[in-house]
Amino acid sequence: ERIGGRSYERVTFSPDSRFLATSRVWGYESIVLDLVSRTECSRFKPDKRLKAGMVVGLFYTSDGRLLSAHFGKNSVTVWDTSTSNLVSRLVLSEAPRMGVFSPDGRWLAMIAKNKPPTIWEVATAHKTAELANGPTADVVLAFSHDGRWLAATGLNQGVGVWDIASGQRISELPPPRGEVRHLAFAPDDSRLAVSANDVSVFCLTNSELQQTVPAPSMSAGAKVAGVLWMLASTFGAQPSGSSEVFSTAPSGPVEFSPAGTHLAIINSAANLDTALAHGAEQVRVFDLSRTQLVSTVAYNTHVRSIAFSPDGKLIATAGDAVNVWDWANAR
């Protein structure tokens, strides 16, 4: 199934895998699609009086309620999209830069300029903790599925795991190769996937590297074409080629399957189009028991986020469009 027409940022499934919610990059609205009837069943846009801006959180609670969180100038508002009721409004002393919600929507990790992340309880709009010695620049965050831990890293720093109740760091992982772009906990919170140049999967009981999924490399032919295109651009051709002809592109967002057996990764398509700077992404799915590629979906398109359905049968991708894939049977 494909829903096109605009740029989409976030995507999430309902607990029963029947509904798919997505949000637009521009427009500040959330859309819910019925995957059985393949129709749009609702659309939500926040109250303009509260000056709620872009969608920074979109998630279903365990009872099936869809919550949509929006950044304002100096606030974060959280809405129940089925009733259009305001669930919570967090008033801040300065403009928020980024926010990450726990899977159940109870906690919000907030980032402000040049300050370590702070933890907020959404229902009470109360700040509960600040990460001790937490990162302050180029911050990347991820909550554990049980909401007890927060993984975080920043510019030129390793990946740490903090206890959100106390704000104290409880473990630190070896520094990955390259800039970290995404973090994801396994469903049982025993592993952490770190997406940088490659994707590294760490065991959290001993902080040791468990396995590595390399980023894809271009073929020799694509690299040669890209270099020639770069040379041609110096004589008036445009656009110039991609730097990925000299090294692999960094990996993007990652997501564990609900059973924790597979890992989906957004990567560069690593083909001729990418070499000529018309680059796009693909989503590769790996069987973690063998570190083996078993499926590729969303090939040669632009993808910002991915989500497995709770039953593990589908993968939704959001970017130029919203697509739903039967990934196990994809060619």
Side-chain angles (χ1 to χ4, degrees), residues 56 96-103 107-120 127-217 243-244 247-256 260 263-268 284 286 288 291 304-306:
V56 294
R97 290 295 186 91
M98 189 182 82
V100 176
F101 287 83
S102 61
W107 306 102
L108 168 64
M110 188 85 69
I111 299 170
K113 185 177 180 180
N114 298 325
K115 292 185 178 181
T118 54
I119 308 298
W120 297 70
K127 183 169 74 172
T128 60
E130 180 177 292
L131 298 194
N133 301 313
T136 58
D138 296 341
V139 180
V140 180
L141 303 172
F143 270 101
S144 62
H145 289 267
D146 62 9
R148 293 188 303 147
W149 300 337
L150 183 71
T153 186
L155 184 64
N156 300 322
Q157 292 188 345
V159 179
V161 179
W162 277 261
D163 181 278
I164 69 165
S166 64
Q168 298 299 308
R169 184 164 56 193
I170 57 176
S171 66
E172 187 167 4
L173 306 179
R177 291 175 49 248
E179 178 186 353
V180 177
R181 298 175 182 274
H182 196 84
L183 301 168
F185 280 89
D188 62 359
D189 295 328
S190 65
R191 293 165 291 164
L192 182 72
V194 180
S195 178
N197 289 341
D198 302 323
V199 174
S200 304
V201 180
F202 290 90
C203 176
L204 292 178
T205 57
N206 55 19
S207 300
E208 291 184 357
L209 178 64
Q210 197 171 64
Q211 60 195 127
T212 299
V213 181
S217 298
S243 61
E244 292 174 31
S247 61
T248 56
S251 298
V254 294
E255 195 76 24
F256 282 93
L263 190 70
I265 307 170
I266 299 178
N267 282 121
S268 164
R284 302 188 301 158
F286 285 83
L288 292 176
T291 319
R304 292 186 178 88
S305 62
I306 50 179

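Along the sequence shown, residues are numbered consecutively beginning with 1. All heavy atoms count here, side chains included; hydrogens, waters and symmetry mates do not.
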Student: Identify each donor-acceptor pair in which a side-chain atom of residues 205-213 lies under 3.5 Å from a protein atom, sequence neighbours left out, and give them as a table.
Tutor:
residue: N206; atom: OD1; partner: E208; partner atom: N; Å: 3.1
residue: Q211; atom: NE2; partner: L288; partner atom: O; Å: 3.1
residue: Q211; atom: NE2; partner: T291; partner atom: OG1; Å: 2.7

Student: Side-chain contact test, heavy atoms from C-beta onward, threshold under 4.5 Å: evaluate it for L192 versus L173 and give yes or no.
Tutor: yes
Student: Kindly write out the residues that satisfy side-chain hydrogen bond (donor to acceptor under 3.5 Å, both in side chains) with S251, not counting sequence neighbours, or none if the list is empty.
Tutor: N267
Student: Run the salt bridge (charged side-chain N to carboxylate O under 4.0 Å, His left out) test against D188 and tell me which residues pass, sequence neighbours left out.
Tutor: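 Partners of D188 by the salt bridge (charged side-chain N to carboxylate O under 4.0 Å, His left out) criterion come out as none, since no residue qualifies.
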Student: Sequence neighbours excluded, which residues qualify as side chain to side chain contact (heavy atoms under 4.5 Å, CB included) partners of P187?
Tutor: F256
Student: Taking the side chain as every heavy atom from C-beta outward, state whether L183 and V159 have any pair of such atoms under 4.5 Å apart.
Tutor: yes
Student: Can you measure from OG (S305) to NE2 (H182) and round to the nearest 0.5 angstrom?
Tutor: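 One gets 9.0 Å once the value is rounded to the nearest 0.5 Å.
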Student: Identify the heavy atoms of W162 and G134 that sit nearest to each other, and give their distance.
Tutor: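 Looking at all heavy atoms of both residues, the closest pair is CZ2-CA, 3.8 Å.
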Student: Could you give the distance from CG (L108) to CZ (F143), rounded to the nearest 0.5 Å?
Tutor: 7.0 Å
Student: Is any side-chain heavy atom of F286 less than 4.5 Å from a side-chain heavy atom of I265?
Tutor: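 They are in side-chain contact.
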Student: With W120, which residues qualify under side-chain hydrogen bond (donor to acceptor under 3.5 Å, both in side chains), at least two apart?
Tutor: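 side-chain hydrogen bond (donor to acceptor under 3.5 Å, both in side chains) check on W120 returns T118.
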Student: Sorted by first residue and then second, give each side-chain hydrogen bond (donor to acceptor under 3.5 Å, both in side chains) pair with at least one member in residues 138-150; sequence neighbours left out.
Tutor: S144-D146, D146-R148
Student: Would you please name every residue forming a salt bridge (charged side-chain N to carboxylate O under 4.0 Å, His left out) with K127, sequence neighbours left out?
Tutor: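 K127: no salt bridge (charged side-chain N to carboxylate O under 4.0 Å, His left out) contacts found.
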Student: Could you grab the distance from atom CG of L150 to atom CZ of R169, nearest 0.5 Å is fine?
Tutor: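 Interatomic distance, L150 CG to R169 CZ, rounded to 0.5 Å: 12.5 Å.
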Student: Any side-chain heavy atom of D189 sitting closer than 4.5 Å to one from L204?
Tutor: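 Counting from C-beta outward, D189 and L204 never come under 4.5 Å.
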Student: Please identify each residue that fulfils side chain to side chain contact (heavy atoms under 4.5 Å, CB included) with V139, with sequence neighbours left out.
Tutor: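 Checked V139 against side chain to side chain contact (heavy atoms under 4.5 Å, CB included); matches are I111, P117, P135, L141.
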Student: In chain order, what residues pass the salt bridge (charged side-chain N to carboxylate O under 4.0 Å, His left out) check against E179, with sequence neighbours excluded?
Tutor: R181
Student: How long is the gap from CZ on R304 to CD1 on I266, to the nearest 0.5 Å?
Tutor: 10.5 Å
Student: Is the backbone of G252 close enough, under 3.5 Å, to the side chain of S195 for a donor and an acceptor to pair up by distance?
Tutor: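 Yes, the answer is positive, given that a donor and an acceptor are paired below the 3.5 Å cut-off.
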Student: Listed by chain and number, what are the side-chain hydrogen bond (donor to acceptor under 3.5 Å, both in side chains) partners of N197, not counting sequence neighbours?
Tutor: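 So N197 forms no side-chain hydrogen bond (donor to acceptor under 3.5 Å, both in side chains) with any residue.
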Student: Applying side-chain contact (heavy atoms from CB on, under 4.5 Å) to I164 and W107, what does each step give before you reach the verdict?
Tutor: CA-CA 9 Å; I164 69 165; W107 306 102; 3.7 Å; yes
Student: Taking side-chain hydrogen bond (donor to acceptor under 3.5 Å, both in side chains) as the test, write out the residues that go with D198, two or more places apart.
Tutor: R177
Student: Which atoms form the tightest heavy-atom contact between A264 and I306, and what is the distance?
Tutor: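 Nearest heavy atoms, A264 then I306: O-CD1, 3.6 Å.
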Student: Please tell me if the side chains of L263 and V201 come closer than 4.5 Å, counting only heavy atoms from C-beta onward.
Tutor: yes
